[in-house]
Amino acid sequence: MAEENKSSLDALTSLCKRRGFIYHSSEIYGGMPGFWDYGPLGCELKNNVKQAWWQFTVRGREDVVGLDATIIMHPKIWKASGHLDTFADPMTMCRDCKKLMRADQIADIYAEQKKKPQPKAAGADFFCPYCGGELTEPKPFNLMFKTVVGPIDDPSNVAYLRPETAQAIFAQFQNVTDTSRQRVPYGIAQMGKSFRNEVTPRNYTFRSREFEQMELEFFIRPDEAVELQYGRVVTLADKPDLDGPVQDDWGWEVWHKYWVEQRKKFLNAVGLPTERFVEYWQKPDELAHYARACVDIEYDFPFGRQELEGIAARSDFDLSQHQKFSGESQAVFDDPLKQACKKLTDAQKAAFVDKVRKDLAARGKDPAAAEKFCAGLFDGKYVPHVIEPSAGVDRLMLALLCEAYEEQKIAGEKGGEDVRTVLHFNPKVAPVKAAVFPLVRKDPAQEKMAREIFEKLRRKVNCMWDVSGQIGRRYRRQDEAGTPWCITVDGQSVQDGTFTVRDRDSMEQKRMSYGEFLAMMDEALEF
Ligand code: GAP
């Protein structure tokens, strides 16, 4: 990490503490590594980020519905999902200083050390990056937090705090399908807390032990069902219009790319310009065995380029696993597919099964599964596949804070140079939308009018009232909070009902009526 980046993160963390965005959890007791609290401005920012995601992903669409499931679920869910057996990081310990660390992060930790330790044992190439001591053999460490349900502390009562919100969506797929009048392709979204007992929580809130996720599981037909129903499967080679309405004949590849583009649109809308992040398409050997594609959207944090969120094409892995472990069918019945298949001759069906058999073999799957899978399809039944855009609330907030933070050199009031610290949040996520002040505090007419404006406006958006200090200082306080507009009621206001609106970024002031201000604000806040 370059020194200047390090100092910009230091300046940001100090602003976040000073202005009430982020505090150490349990600070009066010395804090807890990997746990963070959001203060008055931080929780407004967080709520806005979540609301924006919900509006964009759920309410703004007809094909996505929401879910709010429990954090503790039946432990078999984590067996079926694979988390119990494989959700682990390689952990090592220094035999000398006893520090625990992730074996795969040693090179990063070493690179961050100002004073590089040398190995205590001559020639050792796997040594403690803190003291040079000997490290233990790396061992897998499961990241799930364990707890006990009920009063008896017995292994049979062990449960886990969810390490992702996604699994509840799979576990409730049939209930939501039965009760929401949605038909595949459609999605289920959930936001909420997730917990991971990270070996080394690092980089401020970036890798925490308790955090929030915003996940969508968008269920699609298997390509084979699309082909049987529509006689074709649209792929990216067909150059489909991803900005237009979604289409029934899209294959998984198109749906996946569509959701990558949707996520980029969302990030733009909340204040991350496209040129500030990169798409990393995982290489075939990096993909999980069940995944067909996975894109990480990465952002240049001050501590390096890191994953902000991911969009994975997970095949039918998750629902099939829950079907296997619960014994409950996770298939859907698709009548239009059944009707389309009724028109096929036996020879056409046999040719189709043969084609599927070859496709499965080419993808390293068991070709013998083709017969049963196709019999289900001909009957209008299949286990849906899924595209999963999965984002972290805290990580996105950190990216938005890094992106918004600026120390601007401006002309000082008394001549010379001054530094203005400003958070250039997009108004949609800004914790405070507007601040209202009387120019002269002791002028009762100005104060009365400003107060009336404040009272009216706070019924619509989060506003702040400030009468203390010079007007310039009040503006600066709002700049640090990222408030896009400051409304000042002055002598003219009392005469004609208008007021000045100071724009945070340009620092220009415009005179407006209340109606004009509302129209401008509504436009800036609309999705
Ligand atoms: N269901 C898929 C899933 O959970 P993931 O890549 O492990 O995938 C998705 O997590 C997102 O959740 C990440 O891209 C990140 O934004 C966020 N996230 C994961 N672990 C985190 C942690 N320890 N602290 C903060 N955010 C985290």
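Bear in mind the structure is a predicted one, so any value in this text is a computation, not a measurement. Both ligands and their constituent atoms are indexed starting at 1 by order of listing. Atom set for the values below is all heavy atoms of this structure, side chains included, hydrogens, waters and symmetry mates excluded.
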Taking the six-membered ring of Y130, is the NZ or CZ of K99 close enough (under 6.0 Å from the centre) and on axis enough (within 45°)? yes
Measuring only between side-chain heavy atoms, which start at C-beta, is Y160 closer than 4.5 Å to L84? yes
Is it true that E210 and K193 have a side-chain N and a carboxylate O under 4.0 angstrom from each other? yes
Nearest non-hydrogen contact to atom 11 (C) of ligand 1 from the set E309, Q213, M397 belongs to Q213
Minimum-distance protein heavy atom relative to atom 17 (C) of ligand 1: G392 CA, 3.7 Å
Residue E388 vicinity, atoms of ligand 1 by number, heavy atom under 4.0 Å: 1 (N), 2 (C)
Kindly confirm or rule out a cation-pi arrangement of K264 over F277, judged by NZ or CZ under 6.0 Å from the six-membered ring centre and within 45° of its axis? no
Aromatic centroids of F206 and Y204 separated by under 6.0 Å: no
Regarding E261 and K265, does a basic nitrogen lie under 4.0 Å from an acidic carboxylate oxygen? no
Among all protein non-hydrogen atoms, which one is nearest to atom 26 (N) of ligand 1, and what is the separation to 0.1 Å? F211 CD1, 3.5 Å
For ligand 1, which atoms have a heavy atom of L308 less than 4.0 angstrom away? 14 (O), 15 (C), 16 (O)
Checking a contact table here: which protein heavy atom is nearest atom 9 (C) of ligand 1, and how many Å away? S390 OG, 3.0 Å
Return the residue, atom name and 0.1 Å-rounded distance of the protein heavy atom closest to atom 7 (O) of ligand 1. R196 NH1, 2.8 Å
How far is atom 24 (N) of ligand 1 from its nearest protein heavy atom, and which residue and atom is that? S208 N, 2.9 Å
Protein residue, atom and distance nearest to atom 14 (O) of ligand 1, heavy-atom basis: E307 OE2, 2.5 Å
